[in-house]
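One-based numbering, in listed order, for ligands and for the atoms of each. We use all heavy atoms of the structure for the numbers below, so side chains are in, but hydrogens, waters and symmetry mates are not. The structure presented is a predicted model; accordingly, all values stated were derived computationally and were not measured.
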Amino acid sequence: MRFFEEKRREVMKHIEKYMLEKMHEFLKPIDQIWQPSDLLPDSTRDTFFSEIKELQESAKGLSYDLVAVLIGDTITEEALPTYESWLSMVEGVDKDEHSGWMTWTRHWTAEENRHGDLLNKYLYLSGRVNMRAMEVSTQYLIADGFDIGTGTDPYRNFIYTSFQELATNVSHRRVASQAKKDGDTLLSKMCGVIASDEARHAKAYKHFISKIFEVDASEAMIAFEDMMRKKIVMPAHFLREVGLKVGQTFGHFTDAAQRLGIYTAVDYVDILKDLIEDWQIESRTELNEAGEKARDYITSLPNRLLRVAERMKNPMLEYKFSWIHG
Ligand SMILES: [Fe+2]
Ligand SMILES: [Fe+2]
């Protein structure tokens, strides 16, 4: 056990070097990146009220399911304090303020923080949302916290974030194109810029895991297998509305996302395939016995999951979210 912990610490020390080195490639300089106010009506202008009117007119065209998915996505973004505290609870990493881990975590959080900020303001102005109900769900999600099966292990943590950033990229990108179809070009643009942030984040986390594979392939493989056996659970899984238990809201949220094709069981498999390719899982031979078993489990998983996905029926059950007016 001691050896295991020491090895983790050693590997993470090695990885933190890349976290610092690559930070400016994966995260944009603060004075150059977009801010929510670049995309929102400016309240200091005389045209403010007419711009809001226009925004509300376009928002009227969004389908019920799309608004529901957008609210779930927004709450997920707004629960950022949970992710930041989870990242700083990880063990086997240097917690010094200037360490690679802590510096990366702060900068990543700072970039992420704009997502919930932008979407929340849009939804507030849109006139479609029961803001109080949404705010209650946000507070619940942060207060409840979540158990996503990573424990405090940095390997599992970065495997999770690699997956999660790819998933949020897919979701925001699809909401963007659906919003465009529904005639809301402003919302489409907002979700588009958020999606491109998520794509950079995914590249970062995937890169960190690639570097771990270079020096500790068997343990990285075993961590990947473990996360896939547990299944990658999105933070939205823990959503809840007033009077409901944790998990009850998620079922309806995921139904809406599946119906619109915004995030489906097939997307889950596609993300898994992307990671398998990126981390060159199939061709890895520098493994111990447990590592080989883990590799074989992972490589056989996409086809198995696809067969399950093909048998899934499109969810028809309509549901009235407390978050949406009318
Ligand atoms: Fe985000
Ligand atoms: Fe992200």
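Between the side chains of His14 and Glu214, no donor-acceptor pair of N or O atoms lies under 3.5 Å.
Identified under the side-chain hydrogen bond (donor to acceptor under 3.5 Å, both in side chains) test for residues 301-316, with sequence neighbours left out: none.
Annotation: angle subtended at the Fe ion (ligand 2) by Glu165 OE1 and His201 ND1 is 100°, to 10°.
Because the distance cut-off is set at 2.8 Å, Glu77 qualifies as a neighbour of the Fe ion (ligand 1) through one of its N, O or S atoms. The Fe ion (ligand 2) has an N, O or S atom of Glu198 closer than 2.8 Å. At a threshold of 2.8 Å, the Fe ion (ligand 1) has a backbone or side-chain N, O or S atom of His115 nearer than that distance. Metal site remark for the Fe ion (ligand 2): Glu111 contributes no N, O or S atom at a distance under 2.8 Å.
Counted within 6.0 Å of CD on Glu282, heavy atoms from surrounding residues, nucleotides or ligands total 12 or fewer; the atom is thus considered open.
Glu112 has its closest N, O or S atom to the Fe ion (ligand 1) at the position named OE1.
The salt bridge (charged side-chain N to carboxylate O under 4.0 Å, His left out) test with Glu219 singles out one residue from Arg156, Lys7, Arg8, and that residue is Arg8.
Checked by atom type and distance alone, the side chain of Asp182 pairs as donor or acceptor with a backbone atom of Ser63 at under 3.5 Å.
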